[in-house]
Amino acid sequence: MLDSLRTRYHAAVRRVRRFERREVRDFRRWMEHTSNVIHLSVLLLVPLLIALVTAISNSVDALPFVLFPPLASGTFTLFADPEGTYASPTKFVGGLTVGALCGTAAIWIALHTTLRDPLGTSQLLVSPAEAALAILLTGGATWALDFEEPSAFSTALLALIAPAFTSPAGINEFLVDFVGSVFVSSVIVASAFHVWRERFYERRSRYLYQSTKGDDHVLVPMRGERARSAAMFGARLAAAHDAGKVVLLDVIDEEAIEEAEKTMQVPTESAGAELAEAEITRDVESEEVRVAEEAAKQLEAEADRIETKVGVPCEVVVIGDGTDLPRTVLKTAREANCDLIVTPYEEEKGSLSSFVRELFRSNIDTVAFRSADGSRERWKRTLVPVRRAGDTAHAMIEFARRVAGGSGRVSVCTCIDREEERRATETTLANLVEAFEGSFETRVSRSSIESFLEANDAYYDLTVMGASTDRSAASRFVSPPTFERLHELDCDVAIVHRG
């Protein structure tokens, strides 16, 4: 009875841990969307900053809380669009301060002219002419100083109600306190925004993007005639990280053993006693072992070539279990501590092979590499067509950036159906590339993705596209993945699956 309860307890704990890991993984992928990072930052940071500034204001008794709405709206503007027109700490502080100065100037002019409303300063009544003057001064000053900031007009108007909070004798002192408090409060917010943007937002790929971490221990199943090109591509990916390594894998199956048996020389009768000894030796040394030795020699030669050209450590693994090839490859990847599989692209009857499909169903990142001619070993000009933002798009851009190197060029593109989508799409592409180091080109096209790639493939060495494994089966049936619709591109193609 006790053993049964213990078993149930451990099973429940394992289920909870699996659930937690899945939730953490989903949350990390959710955080790879820039819009989600911004919304969460606004939700958490803006209230904290306003609370901090309000607490400081209350402690020094400088300003009533009613004067802080422009600060709150300006803070939201900063964090909601950190790369926008108004996302400048200098403009933020300068705009709010200039607005406060212009508002106080309007009050001073009104107090010394007939613009001040005769009903008195104890009521929240403002002369229309006084309000117009404050806005006019603010617009002219912010334009001249390049401090155009929406919240500046709010601080200018709020200054006009200052006489309601003080006596005529203390109005000048109050206005000075008003401008000073606006300046100090805006500096606090602007400083916090600057630190958040420089230390976190601009480096979010380092802290949040799991797709840009790892994937530097690369396993390459050496299959097909163009496996060498796939191995070199995997080596370029691994070499981008200091801890990178490449593992070349060859699986000896029955077909390879039978082929080796056919090429063996059959001894003649004149061999005599030596024939009997050779037959005994053949029984002891299996064909599988001899084929494995030959495969190991070929892999060692390829490993030496990769280490010489790329400078990345390269290991060799030969396995004799070819009954379930995908399972063998995945098991080897885990045992060799590899977090990325780069396999040559394979087709069966005009469609993706079952071997590659099984790898695309796994929880290990996989790249199916389709070489145009098998000769290219450098990919300086890379094109990344993306459908939407997310971890797969980040992984594609990261892989393109790695193989292109510091002197290469990476172009990120997408295709739209209507011109109205252009502005939002350009913003999406900008958010995608700005988190990565290096220079990028972004392109938005009105043509179909097939037409765009066929028209531009000659200008690039490599096209990196998604495997669409994050889509449902019904979606892939209605609209097949792009790589299945394109077979005659002049450049190499890397098809990325996120595990």
Side-chain angles (χ1 to χ4, degrees), residues 42 46-47 49-50 53-54 56-58 60-81 84-190 193:
V42 169
V46 173
L49 283 174
I50 297 302
V53 173
T54 304
I56 295 175
S57 173
N58 292 338
V60 298
D61 196 24
L63 288 175
F65 179 76
V66 72
L67 298 180
F68 282 91
L71 189 67
S73 63
T75 305
F76 175 84
T77 302
L78 281 178
F79 284 90
D81 191 8
T85 304
Y86 303 110
S88 168
T90 303
K91 283 187 176 182
F92 179 77
V93 176
L96 266 65
T97 305
V98 167
L101 286 171
C102 291
T104 58
I107 292 179
W108 187 87
I109 294 173
L111 291 175
H112 293 80
T113 62
T114 59
L115 295 179
R116 167 54 53 180
D117 193 288
L119 293 179
T121 59
S122 62
Q123 302 181 39
L124 295 177
L125 296 176
V126 177
S127 169
E130 190 178 2
L133 178 61
I135 295 299
L136 177 63
L137 292 176
T138 302
T142 55
W143 183 17
L145 297 173
D146 194 23
F147 282 162
E148 292 178 296
E149 166 68 34
S151 297
F153 298 93
S154 299
T155 55
L157 291 177
L158 285 174
L160 302 183
I161 64 173
F165 298 98
T166 186
S167 62
I171 186 65
N172 291 332
E173 182 181 355
F174 187 90
L175 292 177
V176 171
D177 290 341
F178 175 78
V179 175
S181 297
V182 169
F183 174 77
V184 173
S185 301
S186 60
V187 166
I188 293 174
V189 172
F193 169 75

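Numbering of residues begins at 1 and proceeds along the displayed sequence.
Residues passing the side-chain contact (heavy atoms from CB on, under 4.5 Å) test with Ser73, sequence neighbours excluded: Ser151. Here Ala132 pairs with nothing under the side-chain contact (heavy atoms from CB on, under 4.5 Å) rule; sequence neighbours left out. Legend: residues meeting ring pair (Phe, Tyr, Trp, His ring centres under 6.0 Å) with Phe92, ordered by chain and number and at least two apart, are absent. For the side-chain contact (heavy atoms from CB on, under 4.5 Å) test, residues two or more places apart in sequence or in another chain that qualify with Val187 are Val93, Phe183, Ser191. Remark: Leu136 engages no residue in a side-chain contact (heavy atoms from CB on, under 4.5 Å) (not counting sequence neighbours).
Pro70 and Leu158 make their closest contact through CD-CD1, 3.2 Å (heavy atoms, listed as atom of the first residue, atom of the second, distance). Across all non-hydrogen atoms, the minimal contact from Phe178 to Ala159 is CE2-CB, 3.5 Å. Among all heavy-atom pairs drawn from Thr138 and Ala156, the shortest one is OG1-CB, 3.2 Å. Residues Tyr86 and Thr77 come closest through the heavy atom pair CB-CG2, 3.9 Å. Nearest heavy atom pair, residue Phe79 against residue Phe193, reads CZ-CA, 3.8 Å. Scanning all heavy atoms of the two residues, the minimum distance from Val98 to Ala141 falls at CG1-CB, 3.6 Å.
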Scan the side chains in residues 99-106 for donor-acceptor partners under 3.5 Å anywhere in the protein, sequence neighbours excluded, and list what turns up.
from, atom 1, to, atom 2, distance (Å)
Thr104, OG1, Ala100, O, 3.2
Thr104, OG1, Leu101, O, 2.6

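When atom types are taken as modelled, the side chain of Thr155 and the backbone of Leu96 share a donor-acceptor pair closer than 3.5 angstrom.
Pairs engaging residues 89-100 under the salt bridge (charged side-chain N to carboxylate O under 4.0 Å, His left out) rule: Lys91-Asp146 [sequence neighbours left out]. Residues in residues 93-108 take part in no salt bridge (charged side-chain N to carboxylate O under 4.0 Å, His left out) pair, two or more places apart or across chains. Applying the salt bridge (charged side-chain N to carboxylate O under 4.0 Å, His left out) test to pairs two or more places apart or on separate chains, none has a residue in residues 96-105.
The structure places OG of Ser185 at 11.0 Å from CG of Leu49, a figure rounded to the nearest 0.5 Å.
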